[in-house]
Participant: 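Structure in structure tokens, see below.
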Amino acid sequence: MRTGFDNKKYIKLQSKKIKERIKMFDKLYLEIGGKLFDDSHASRVLPGFESDAKIQMLKELKNDLEIIFCINAGDIEKNKVRAEHGITYDIEVMRLIDNLRALGFTINSVVVTLYKNQPSVDAFLKKLERNNIKTYIHRFTKGYPLDINTIVSEEGYGANSYIETTKKLVLVNAPGPGSGKLATCLSQLYHEQKRGINAGYAKFETFPVWNLDLKHPVNLAYEAATADLKDVNMIDSFHLSAYNEPAVNYNRDLEQFPLLKAILYKINNKNIYNSPTDMGVNMVGHCITNDKIVQEAAKKEIVRRYFQEMNNYKLGIVDIEVPEKIKILMNELEIDENLIKPRQAALKKAELEKTQVVAIQIKNKIITGKASKILSAPSALIINAIKHLSKIPDSIDLLSPTILEPMLKLKNNKPLQLQEVLIALSICSVTNPTVKDAIKQLDKLKDCDAHSSHIITNGDLKALKELKIKLTCDATFATSNLYDKN
């Protein structure tokens, strides 16, 4: 894979920037935007960015930091799902805690925000407490957002429980947007100031990239990724006014800044930041080494987001305005759906065969797989792809009939999904060296573009994600059965 981003430089510059910000205060509350782990969006739009780059960087600060997780009580009650993992926000918090503990990070606590005595939230809190995780509840802040004097008082932030912290750097993270990270940081600043501690706030958010052009594809890819949140990139007018320097931020931060600045002044009795950009510690824009490669990758990501949201529209998850917004971005950049090269091959063969087809691009070669009575389209694709990489002739079957037949019988002759095929191949590899060599080729499919003529759901979708294949799907169902569309 061609790279356009220097990951080592990023880790060095980013940790240095955070250390500089820590020195401004006795204690720094750092709000983390985006993902700590598995930052697949960043790795897709910035080829060379490693998905765990933030964790690599934070390891250098590990001895001086502790982590607070925030989660909105309403998200627990509604069983809100983290789309890329298919798990609810409360489960995601526990997954993150486990992963961070395994790496030696200190977990301070979990804060449930906007708490309203929901029974499902109480059950979540009990589960954490019985597993030795400290918990806190924060309710709606009285006076917010208009009455600054009430917000910054014992009736406002003072009504929240004080979260006891001991390290100089406190990371405040969450499973998704709207989890109350900022309010938690500000509440802590109020309590710290009462205790005579000069605590500060900063924000660590990768996108949009403040020192790239407003219409740079990387920044437009952020708009595409947050189309459902109605985020819009804008020039930071506060920064431009203060420093006569253009910087990119997004609408929510710009809208909140006057209020946030007033609250910070009320707490600290001084102005610390002149703009939302000042609050950030993001150095990602300084680590792009090949802008052409990065722009190409970002454009592809915008198209992927378009397909994803068209699928979500078809599935009833979003309204049509969401993919339409992304289509406008595509028009601005003069790109279309066929930027994903395997798409045309998949659609052409699907029309010819009258069945679902998935195509994948391996270097300059397009490989296809079609649905049959024996295999799902993704299963056929992966078999064909590893046969191509292993230079195995089409006439040779990788799946032994002695393995295949009982599996099909057990499934009442329904086609085998990809995860089942991978298990079958693993079993066959024990006695068949050809299959063993073919399985070794699976890693070469990572980051390859693939496209399906129809929406892929359930197990096949999960298996393709686990192989790290960059999949897109046309917004067409493979069947007219309503049950099969879930």
Side-chain angles (χ1 to χ4, degrees), residues 17-18 21-34 36 54 58 61 64-73 93 96 106-115 134-145 148 151-153 156-195 197-206 249-250 252-273 275-282:
K17 185 71 172 179
I18 292 174
R21 191 62 59 91
I22 293 171
K23 289 179 181 178
M24 293 173 59
F25 308 99
D26 298 332
K27 183 182 294 185
L28 177 67
Y29 285 87
L30 183 61
E31 178 187 348
I32 304 290
L36 279 176
K54 289 179 185 174
L58 290 170
L61 307 168
D64 296 318
L65 71 83
E66 56 192 306
I67 303 170
I68 294 171
F69 281 99
C70 297
I71 182 169
N72 188 314
V93 167
L96 289 169
T106 301
I107 307 300
N108 177 289
S109 57
V110 174
V111 183
V112 173
T113 62
L114 295 178
Y115 176 72
K134 285 192 295 183
T135 64
Y136 297 86
I137 58 170
H138 286 180
R139 300 179 186 270
F140 179 79
T141 303
K142 187 176 180 180
Y144 189 86
I148 302 294
I151 296 168
V152 187
S153 74
Y157 291 142
N160 292 329
S161 300
Y162 172 58
I163 303 166
E164 294 185 11
T165 58
T166 59
K167 303 293 181 73
K168 284 185 67 67
L169 176 60
V170 183
L171 303 184
V172 182
N173 195 28
S179 295
K181 292 176 294 183
L182 175 59
T184 299
C185 290
L186 296 175
S187 175
Q188 284 296 104
L189 261 58
Y190 173 80
H191 283 287
E192 299 285 14
Q193 198 67 29
K194 281 178 56 183
R195 289 162 173 76
I197 297 170
N198 177 29
Y201 165 80
K203 191 169 187 177
F204 178 23
E205 197 156 41
T206 312
N249 218 293
Y250 66 103
R252 282 186 289 143
D253 267 10
L254 290 167
E255 290 162 4
Q256 290 178 355
F257 183 69
L259 173 62
L260 177 55
K261 185 177 181 180
I263 290 173
L264 288 172
Y265 184 85
K266 182 73 174 176
I267 293 172
N268 297 308
N269 202 30
K270 61 181 177 179
N271 284 321
I272 298 169
Y273 300 125
S275 72
T277 302
D278 278 349
M279 296 188 301
V281 291
N282 182 19

Participant: Side chains of Tyr157 and Gln188: donor-acceptor distance under 3.5 Å anywhere?
Facilitator: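 Judged by distance alone, the side chains do not pair up.
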Participant: Show the nearest heavy-atom pair for residues Leu58 and Leu65, with the distance to one decimal.
Facilitator: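 Between these two residues, the closest heavy atoms are O-CD2, 3.8 Å.
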Participant: Between Thr166 and Glu66, what is the shortest heavy-atom contact and its length?
Facilitator: N-OE2, 2.6 Å
Participant: Which pair of heavy atoms, one from Met279 and one from Phe257, lies closest together, and at what distance?
Facilitator: CE-CD1, 4.2 Å
Participant: Out of curiosity, Ile148 CD1 to Leu259 CG, how far, rounded to the nearest 0.5 Å?
Facilitator: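 Reported value, rounded in 0.5 Å steps: 4.5 Å.
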Participant: Taking Asp64 for its side chain and Leu169 for its backbone only, find out whether a donor-acceptor pair lies under 3.5 Å.
Facilitator: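 Answer holds: no.
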Participant: Restricting to pairs with a member in residues 256-268, which pass side chain to side chain donor-acceptor pair (under 3.5 Å), not counting sequence neighbours?
Facilitator: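 Passing the test, one end in residues 256-268: Asn149-Lys266.
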Participant: Let me confirm one number: the CG-OG1 distance from Asn160 to Thr113, rounded to the nearest 0.5 Å.
Facilitator: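 Result: 10.0 Å between the selected atoms.
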Participant: Search all heavy atoms of Met24 against all heavy atoms of Ile272 and return the closest pair with its distance.
Facilitator: CE-CG2, 4.3 Å
Participant: Which atoms form the tightest heavy-atom contact between Cys185 and Glu31, and what is the distance?
Facilitator: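 Looking at all heavy atoms of both residues, the closest pair is SG-CB, 4.3 Å.
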Participant: Please find the pair of heavy atoms, one from Tyr29 and one from Thr165, that lie closest to each other, and give the distance.
Facilitator: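 Closest heavy-atom pair between Tyr29 and Thr165: OH-OG1, 3.2 Å.
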Participant: Between Lys168 and Asp26 (side chain of the first, backbone of the second, donor and acceptor by atom type, cut-off under 3.5 Å), is there such a pair?
Facilitator: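 Checked: pair present.
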Participant: Please check: side-chain N/O of Lys181 versus main-chain N/O of Ile32, any donor-acceptor pairing under 3.5 Å?
Facilitator: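 Checked: pair present.
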Participant: Between Thr141 and Gly156, is there a donor-acceptor pair closer than 3.5 Å when you use the side chain of the first and the backbone of the second?
Facilitator: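 It does not hold such a pair.
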Participant: Above 12 or not: heavy atoms from other molecules or residues under 6.0 Å from NZ of Lys167?
Facilitator: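 Yes, the 6.0 Å shell around NZ holds more than 12 heavy atoms from other groups.
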Participant: Please determine, by modelled atom types, if Tyr136 and Thr184 share a side-chain donor-acceptor pair under 3.5 angstrom.
Facilitator: no
Participant: Does the ring of Phe204 carry Arg21 above it, NZ/CZ under 6.0 angstrom from centre and within 45° of its axis?
Facilitator: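 No, Arg21 does not sit over the ring of Phe204.
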Participant: Taking Asn282 for the side chain and Thr206 for the main chain, is one N or O donor matched with an acceptor at less than 3.5 Å?
Facilitator: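 Flag set: sc Asn282 to bb Thr206 pair under 3.5 Å.
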